[in-house]
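A note on names: the letters A, B, ... follow the listed sequences, proteins ahead of strands, and every chain is numbered from 1.
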There are 2 protein chains.
Amino acid sequence: MDLTKNEEDYLKALFMLSVEAGTELVGTNHIASGLGLAPASANSMLKKLTDKTLVHYEKHGKWVLTDEGKRIALQLIRKHRLWETFLYEKLEFTWDEVHEVAEQLEHIHSKKLVEKLDKFLGHPEFDPHGDPIPNEKGKYKAVRKLTLSEVPPGAVCKLIAVKDTSAAFLQYVSEIGLGIRSQIKLVDRRDFDNSISIEVDGRQVQVSEKFAINVFVVVV
Amino acid sequence: MDLTKNEEDYLKALFMLSVEAGTELVGTNHIASGLGLAPASANSMLKKLTDKTLVHYEKHGKWVLTDEGKRIALQLIRKHRLWETFLYEKLEFTWDEVHEVAEQLEHIHSKKLVEKLDKFLGHPEFDPHGDPIPNEKGKYKAVRKLTLSEVPPGAVCKLIAVKDTSAAFLQYVSEIGLGIRSQIKLVDRRDFDNSISIEVDGRQVQVSEKFAINVFVVVV
DNA sequence: TATAAAAGTTAGTTTAGACTAACAAATTTA
DNA sequence: TAAATTTGTTAGTCTAAACTAACTTTTATA
Ligand SMILES: [Mn+2]
Ligand SMILES: [Mn+2]
Ligand SMILES: [Mn+2]
Ligand SMILES: [Mn+2]
């Protein structure tokens, strides 16, 4: 009845990769590398999940979640994001620390726990990274996460995550005076190279389009 | 480095059984039946834990925790009881629902999580069953849990658990108007048969010594 | 003290879920 | 279209942790 941690992780990976790729079908190697495993391992696990009718095999090496498989994946994502919200909001974890622990907590089996946690948190719709939290039925709000490069002049937004997590980039981000939850006002954008002027703590800063593409924000 | 869920559960079981038995030494069969497993399974796991110097083999079929093994067991108990407290205090779980979920949550690996959870709960010293919560160093307050039969006349106490969990007994308990957290005033005790008079919600009730032995309370 | 019962160990099997190496099929590319 | 490359599968091995069955050692009892 209840799936193992590993089975659950495969279903979640398949869901995430298919959303990311914009197609239902995902190849064996793609799933394997997403989980950091050998293709042979993924192949045999996916065959097992096919027997359990959680995954469907399509032509040569392509896999799709069944409705039931998708339902389970969405519940897992729900749990993951609720736990991230809990760690961030209630236990003073920073946004970059929550994921690793949520990766473990998402596998706790207790329907009551999930529903009570959701209630305790006030039924949040987005996790600390700005990703939507599916409800009990698996439905969720459209993503409101943007990169800084998409924000219109005049808008005020808040930094919620970075795409590039290299030390060099993070160093640059903090030099500018930015961090998680920083308020950013987009002053204007130059058509010439799409570089932008932003206002941070009352100071005005110039950043390139490349920089702006690597910063995720929500408009406040 | 990090132990598996199963290894952890063996260490905890060994600790709890040795406390219960009042002796450091615990036999193979005892540990096996405590975990609901075959003696052969316990034997091979305990040999493995011996290699890891978490357990020590003593003469014929008797096992003892090493200092390191005991340290780990106490940390596991700390986590278990902190989670039970969280579920009870923050998520509206009832006292009899917390154990099963805490059995899973205790295996989440994150030092930061335990310390932040402890802080969030206000550094509680006892869990919802009245059992003491070890601190980061494994130290804990002496147990303050009593059976109703040990309470002196005049004292006011609170029901925190029952020893006998049979349907018949629970039925009787609720008939008297008692439940978890009920206030009980001990009116007096008859020397003749150690039966007692208690006051519950202003009503006076007579109960036998056998009844009193099966009800755990804390003096308030 | 001899025998029965209880307790503990060993050996061999099973399942989950990894891995590597060898192989086969599809897709690119020359 | 033939060769090269990429992608996927099969077979066999490994580890963790359970199981059963058979065997041995210790303890209890007649
Ligand atoms: Mn995450
Ligand atoms: Mn996970
Ligand atoms: Mn418990
Ligand atoms: Mn456990």
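Residues satisfying the side chain to side chain contact (heavy atoms under 4.5 Å, CB included) test with B/Glu92, not counting sequence neighbours, are A/Lys116, A/Lys119. Shown here are the side chain to side chain contact (heavy atoms under 4.5 Å, CB included) partners of A/Ser174, two or more places apart in sequence or in another chain: there are none. Every residue two or more places apart in sequence or in another chain that forms a salt bridge (Lys or Arg N to Asp or Glu O under 4.0 Å) with A/Glu89 is listed here: A/Arg181. B/Phe211 pairs by the ring-ring contact (aromatic ring centres under 6.0 Å, His included) definition with B/Phe169, B/Tyr172, not counting sequence neighbours. Listed by chain and number, the residues in a side chain to side chain contact (heavy atoms under 4.5 Å, CB included) with B/Asp51 amount to none (sequence neighbours excluded). Residues that satisfy the side chain to side chain contact (heavy atoms under 4.5 Å, CB included) test with A/Thr94, not counting sequence neighbours, are A/Asp96, A/Glu97. By the ring-ring contact (aromatic ring centres under 6.0 Å, His included) test, B/His99 is found to be paired with B/His80, residues two or more places apart in sequence or in another chain being considered.
Heavy-atom distances under 4.0 Å link DNA chain D to A/Gly27, A/Thr28, A/Asn29 of residues 11-38 of chain A, given in residue order. Taking every heavy atom of residues 56-64 of chain A and every atom of DNA chain C, pairs under 4.0 Å involve A/His60, by number.
Among residue pairs with one or both ends in residues 112-131 of chain A, those qualifying as ring pair (Phe, Tyr, Trp, His ring centres under 6.0 Å) are A/Trp95-A/His129; sequence neighbours excluded. Applying the ring pair (Phe, Tyr, Trp, His ring centres under 6.0 Å) definition to pairs two or more places apart or across chains, none involves residues 2-33 of chain A.
When each of A/Lys12, A/Lys5, A/Lys79 is checked for a side-chain hydrogen bond (donor to acceptor under 3.5 Å, both in side chains) with A/Glu106, only A/Lys12 meets the rule.
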What nitrogen or oxygen pairs link the protein and nucleotides 10-16 of chain D at under 3.5 Å?
| from | atom 1 | to | atom 2 | distance (Å) |
| --- | --- | --- | --- | --- |
| D/dT10 | OP2 | A/Lys47 | NZ | 2.9 |

